[in-house]
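Predicted, not measured: the structure shown is a model, and the values here were computed from it. Per chain, numbering begins at 1; letters A, B, ... match sequence-line order.
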Amino acid sequence: EDQVTQSPEALRLQEGESSSLNCSYTVSGLRGLFWYRQDPGKGPEFLFTLYSAGEEKEKERLKATLTKKESFLHITAPKPEDSATYLCAATQGGSEKLVFGKGTKLTVNP
Amino acid sequence: GAVVSQHPSWVICKSGTSVKIECRSLDFQATTMFWYRQFPKQSLMLMATSNEGSKATYEQGVEKDKFLINHASLTLSTLTVTSAHPEDSSFYICSASGTPGSYNEQFFGPGTRLTVL
C-alpha cells in the first residue's frame, strides 16, 4: 500500500533556528512529490513539486530535496510567519491522486 | 495564477437537509477537480475525482449517492451533500489541476466548513 509518513508530528523552533522536516514515502513508480503549507482553517498552499532523486527547489527560507526514499523540507532562519502545518504528498505513475502524509505542525516562536 | 475559489466558506444546516458547495478555477481550465474531506487534526482524505463532462470516480467507502459531484464545465465543480447528518460535519476542500506546464500539480481552494446540527 502506498504510504507517506511525515516526521516529526510537531516541531517548535525559536526564530532563526534552522531545521528540517522529513517525508518518507513508499510509492511505487513515484511520479511527483509535493509539499504544501496549510494554515488553520484554510486550504493547502502549493510550495514545491519534486520529480526525481537529487532534485532541489528553493523558495525564500524553504528548500525541498528528494532522495529515492524520502524528501526533506529545510527551513533556514525561520520567522514566526512560517508557523503552519506542512503537508507532504506523493503521486504514482498513471494516477493523479495525491496521497498525503499527516503533516508536521511547525511553530516558530519570536 | 492558479487560483481556486470555493463557496460558501462556511455553512450551518439542519440534519436531513442538502448542502451544495461550489469550486471554481478562476484563471485556468481545470481538466480534473478533486474533492477532499479533512477532520480536525487529520490530513486530507480524497473523496472523489471528477473530469469535466464525465461521472466522478469515488474513493472506496465514499457513498456516491450521498456526495453528489457535478463537473459541468472546465471551471466549475459542485459537491452536494444530500440528507446531511452531524457526522458529515467536516472541512471540505476542492482542488484543481490542468495548468499548462505544471503537470498534475493540484491547486487547492480555501475550503468549506460544514456544520450539521
Side-chain angles (χ1 to χ4, degrees), chain A residues 1-11 21-25 27 29-52 55 57 59 64 66 84-107, chain B residues 1-10 21 23-26 28 30-52 56-60 62 90-99 101-115:
Chain A
E1 182 183 333
D2 295 335
Q3 281 195 319
V4 176
T5 304
Q6 291 187 246
S7 62
E9 266 187 42
L11 180 62
L21 313 183
N22 177 266
C23 171
S24 63
Y25 61 91
V27 173
L30 180 75
R31 190 182 232 180
L33 190 292
F34 301 80
W35 283 98
Y36 288 87
R37 168 190 170 132
Q38 187 176 26
D39 291 300
K42 297 189 176 180
E45 174 190 344
F46 172 75
L47 294 175
F48 304 109
T49 310
L50 301 167
Y51 293 104
S52 57
E55 191 175 358
K57 288 191 177 174
K59 179 181 178 181
L66 181 66
T85 294
Y86 290 85
L87 298 170
C88 171
T91 57
Q92 64 175 131
S95 174
E96 285 189 281
K97 294 183 189 179
L98 283 174
V99 177
F100 277 92
K102 292 186 176 180
T104 293
K105 183 176 180 181
L106 174 66
T107 304
Chain B
V3 179
V4 176
S5 70
Q6 276 184 246
H7 179 81
S9 55
W10 59 270
I21 302 170
C23 176
R24 293 181 184 272
S25 57
L26 299 184
F28 67 101
T31 51
T32 308
M33 285 186 168
F34 304 82
W35 287 94
Y36 294 83
R37 183 165 50 183
Q38 187 176 34
F39 291 105
K41 297 186 179 181
Q42 301 280 323
S43 193
L44 283 76
M45 296 299 295
L46 180 65
M47 298 175 67
T49 303
S50 74
N51 293 291
E52 183 261 340
T57 302
Y58 291 81
E59 294 299 300
Q60 194 171 11
V62 178
S90 188
F91 192 50
Y92 291 87
I93 311 174
C94 72
S95 71
S97 69
T99 309
S102 55
Y103 178 64
N104 91 341
E105 287 169 354
Q106 292 181 29
F107 297 91
F108 286 81
T112 297
R113 174 75 58 192
L114 170 63
T115 302

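Rounded to the nearest 0.5 angstrom, A:Leu87 CG and B:Phe108 CZ are separated by 8.5 Å.
At a 4.5 Å heavy-atom cutoff, the contact between A:Gln38 and chain B is made by side-chain atoms alone. The parts of B:Leu44 that come within reach of chain A are both its backbone and its side chain, each placing non-hydrogen atoms under 4.5 angstrom from that chain.
Annotation: side chain to side chain donor-acceptor pair (under 3.5 Å) contacts of B:Glu59 (sequence neighbours excluded): A:Lys97. Residues satisfying the side chain to side chain donor-acceptor pair (under 3.5 Å) test with B:Tyr36, not counting sequence neighbours, are B:Gln106.
Closest of all the heavy-atom pairs between B:Ser43 and A:Phe100 is OG-CB, 3.4 Å.
Listed options A:Lys105, A:Lys42, A:Glu45, A:Gln6 were ranked by heavy-atom pairs under 4.5 angstrom with chain B; first place goes to A:Lys42.
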